[in-house]
Amino acid sequence: MSRKVVRSSKFRHVFGQGLKADQCYDDIRISQMTWDSNFCTVNPKFVAMIVDASGGGSFIVLPLSKTGRIDMSYPTVCGHTGPVLDIEFCPHNDNIIASGSEDCSVMIWEIPEGGLTTPLSDPVVKLEGHSKRVGILSWHPTAHNVLMSAGCDNVVILWNVARGEEVVRMDTVHTDLIYSACWNRDGSQILTSCKDKTLRVLDPRKGTVIAEKEKPHEGSRPVRALFVSDNKILSTGFSRMSERQVALWDPDHFEEHLTLQELDTSSGVLLPFFDPDTGIVYLCGKGDTSIRYFEITDEAPYIHYLSMYNGKESQKGMGYMPKRGLEVNKCEIARFYKLHDRKCEPVVMTVPRKSDLFQEDLYPNTIGPEPSVEADDWFNGKDGQPILISLKDGFATATKTKEFKVSKSLLKTTTASPGHKGDKGDKGGEIEILRKEVKELKQALEELTKTVNELQLKQ
């Protein structure tokens, strides 16, 4: 009999907790679309959710602090002419969000500080290149203004958002509908899963296949896949008997899985979320009431079941907060935004610790909001490693000025870009003229005040 009965892990007692009703976002009509995307994206400033819209497509963006009942008349982002299928906040600028829609376009929006006060219908950039609906979006983790989109035309496009132009087009790789597409940690590879039952690791700049695995799961239901630590691949899918499975692969030895575990017989697609700092993967099934979480290690059986959070209502979508948006003094290691039919409920994952002090073993340096390479350099072959930040002294104060600078530069380059459609360039010029006029008026006012003061002194 083995002496080691229980595997030791600091995450063995992680528990999930739904927040109280007054900390939820209520009375939001979440989209009824039967599309397997997250329907929700979140960052340390805002939470965004795809909502039902009569005619066209829209999503709502709320400041994190705006909890409680949301008024029916609250302004939305409503520029698409078809239903919105996927949204994602830019990791390098918390005010920039991308949306993909059934109208075959991708739009980039800037959300003002404090949230919307009027409906937003004019995007900063509109990206057109897909011939069918766009269902998957993913920002590059380290390169500034690089966005990947995948559509139902089986095409993956990489965009330079600042120029508003398509740079790489992969239209011969996939023979059927693309189920998922994601980057690895430094954005040097792309991983896709497809309806033709193949996982593919791609070179994003060349558009070529580096490695592929046919039939990672025997069943015909959708497969999801993402990169985990050490460039290994985690996939979720179904067996031939429609049992849900999770598997781990090494792309250098794709012929055989490292491990494959069967979970249950539910029909919802499992959405995986991976935290590279803790090595924990969270599996959220669409239509489930639960979130399962596992720890991934280097030793067999590689995927170790930790526990399960059970809620009362089934989830229609899920948002995952970046590490820099968590409350570190409460030992919070993950926060999800779970979508119900008419509300969004935050679910907090916590490691029980007695001390309120910063726990260095739970919070190693994590990916910050600074990009490490510009779009043009990245497309020319330069890779950039993630720029890490410490969460010890909190996050917000360290990056405020940088965010403002990034936001301004994004707008400046997009509005003045020659490749961009519409009259945005003219608007950029008008804003610059107005700024000069305001500056001149301020100077005149200062001189006038000075003269008045001198006259008063003489009297």
Side-chain angles (χ1 to χ4, degrees), residues 11 14-52 59-70 74 76 84-89 97 137 180 222 224 226 236 244 246 263-264 266-275 278 280-294 306-323 325-327 330-351:
F11 303 113
V14 169
F15 66 96
Q17 199 169 18
L19 297 189
K20 291 174 183 171
D22 62 339
Q23 292 171 290
C24 297
Y25 306 86
D26 257 325
D27 221 14
I28 299 166
R29 292 178 305 151
I30 303 299
S31 173
Q32 300 293 320
M33 287 296 293
T34 54
W35 184 254
D36 287 327
S37 75
N38 299 350
F39 281 17
C40 178
T41 180
V42 60
N43 66 28
K45 282 187 187 176
F46 301 107
V47 55
M49 295 157 270
I50 303 174
V51 294
D52 254 347
F59 58 95
I60 192 167
V61 182
L62 303 169
L64 287 187
S65 56
K66 191 168 176 57
T67 51
R69 187 180 172 278
I70 307 299
Y74 193 87
T76 59
V84 177
L85 299 176
D86 197 14
I87 50 176
E88 188 170 2
F89 275 114
I97 186 170
L137 295 175
S180 71
R224 289 294 178 117
L226 82 172
T236 64
R244 291 200 292 197
V246 58
L263 302 175
D264 57 22
S266 293
S267 60
V269 175
L270 285 166
L271 307 175
F273 298 91
F274 179 66
D275 177 3
T278 58
I280 296 178
V281 68
Y282 302 87
L283 302 183
C284 312
K286 271 216 157 181
D288 290 11
T289 57
S290 61
I291 301 172
R292 284 183 178 84
Y293 35 105
F294 302 78
L306 289 172
S307 187
M308 187 189 319
Y309 161 78
N310 269 311
K312 290 175 185 172
E313 293 185 55
S314 61
Q315 54 226 18
K316 299 196 64 172
M318 196 67 78
Y320 180 60
M321 175 67 83
K323 219 40 178 287
L326 302 181
E327 293 188 41
K330 293 183 180 174
C331 298
E332 192 181 322
I333 59 162
R335 193 189 312 155
F336 291 93
Y337 285 74
K338 176 181 169 181
L339 303 186
H340 303 200
D341 271 333
R342 290 192 70 91
K343 84 169 185 182
C344 171
E345 174 195 19
V347 175
V348 173
M349 299 287 175
T350 311
V351 176

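Just one residue in the list D86, I87, I97 forms a side chain to side chain contact (heavy atoms under 4.5 Å, CB included) with L137, and that residue is D86. When the options L306, L326, I291 are evaluated for a side chain to side chain contact (heavy atoms under 4.5 Å, CB included) with M349, the one that passes is I291.
When all heavy atoms of G325 and P44 are compared, the closest pair comes out as CA-CG, 3.7 Å. Across every non-hydrogen atom of P346 and R335, the tightest pair is CB-CD, 4.5 Å. Among all heavy-atom pairs drawn from K312 and T289, the shortest one is O-CG2, 4.0 Å. Shown here for P322 and N43, the closest heavy-atom pair between the two residues is CD-CA, 3.9 Å. Taking each heavy atom of S290 and Q315 in turn, the nearest pair found is O-NE2, 3.0 Å. Taking both residues in full, the closest heavy atoms of Y309 and E345 are given as OH-OE2, 4.0 Å, listed atom of the first, atom of the second, then distance.
Classification of K343 and D27 as a salt-bridged pair fails, no side-chain N sitting under 4.0 Å from a carboxylate O.
No side-chain heavy atom of I30 sits less than 4.5 Å from a side-chain heavy atom of D341. Counting heavy atoms from C-beta outward, Y282 and M318 have side chains that stay 4.5 Å or more apart. For the pair I50 and M33, the minimum side-chain heavy-atom distance is 4.5 Å or more. No side-chain heavy atom of F89 sits under 4.5 Å from any side-chain heavy atom of V42. In this structure, R292 and R244 have side chains that are in contact, with non-hydrogen atoms separated by less than 4.5 Å. Residues R342 and D26 fail the side-chain proximity criterion, which asks for heavy atoms closer than 4.5 Å. Side-chain contact between Y25 and I60: absent, with no pair of heavy atoms (C-beta onward) separated by less than 4.5 Å. In this structure the side chain of L62 reaches within 4.5 angstrom of the side chain of Y74, judged on heavy atoms.
How far NZ of K316 is from OG of S31: 7.0 Å, rounded to the nearest 0.5 Å. Separating the NZ atom in K20 from the OG1 atom in T67 is a distance of 13.0 Å, to the nearest 0.5 Å. Atom SG of residue C24 and atom OH of residue Y337 lie 10.0 Å apart, to the nearest 0.5 angstrom. Distance check, rounded to the nearest 0.5 Å: CZ of F39 to CG of L85 gives 7.0 Å. Here F274 contributes atom CZ and F294 contributes atom CZ; the two are 13.5 Å apart, rounded to the nearest 0.5 Å.
Of the possible polar contacts, none joining the T350 side chain to the C331 backbone as a donor-acceptor pair under 3.5 Å is found. Side-chain atoms of K323 never come within 3.5 Å of backbone atoms of D275 as a donor-acceptor pair (strictly under, hydrogens ignored). For the pair K286 (side chain) and S37 (backbone), a donor-acceptor distance under 3.5 Å is present.
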**Report entry** Intermediate values then yes/no, side chain to side chain contact (heavy atoms under 4.5 Å, CB included), N38 and E88
**Finding:** CA-CA 9 Å; N38 299 350; E88 188 170 2; over 6 Å; no
Query raised in the report: For L270 and L263, what are the C-alpha separation, side-chain angles and deciding distance, and is it a side chain to side chain contact (heavy atoms under 4.5 Å, CB included)?
Result: CA-CA 11 Å; L270 285 166; L263 302 175; 3.6 Å; yes
Requested in this report: Would you sort out whether L339 and C344 count as a side chain to side chain contact (heavy atoms under 4.5 Å, CB included), showing the intermediate values?
Outcome: CA-CA 5 Å; L339 303 186; C344 171; 3.9 Å; yes
Query - side chain to side chain contact (heavy atoms under 4.5 Å, CB included) between L19 and V348, worked out - result: CA-CA 7 Å; L19 297 189; V348 173; 3.9 Å; yes
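Counting non-hydrogen atoms of neighbouring residues, nucleotides and ligands closer than 6.0 angstrom, the CD atom of Q23 exceeds 12 such neighbours.
Here the two rings, on F273 and F336, have centers that are under 6.0 Å apart.
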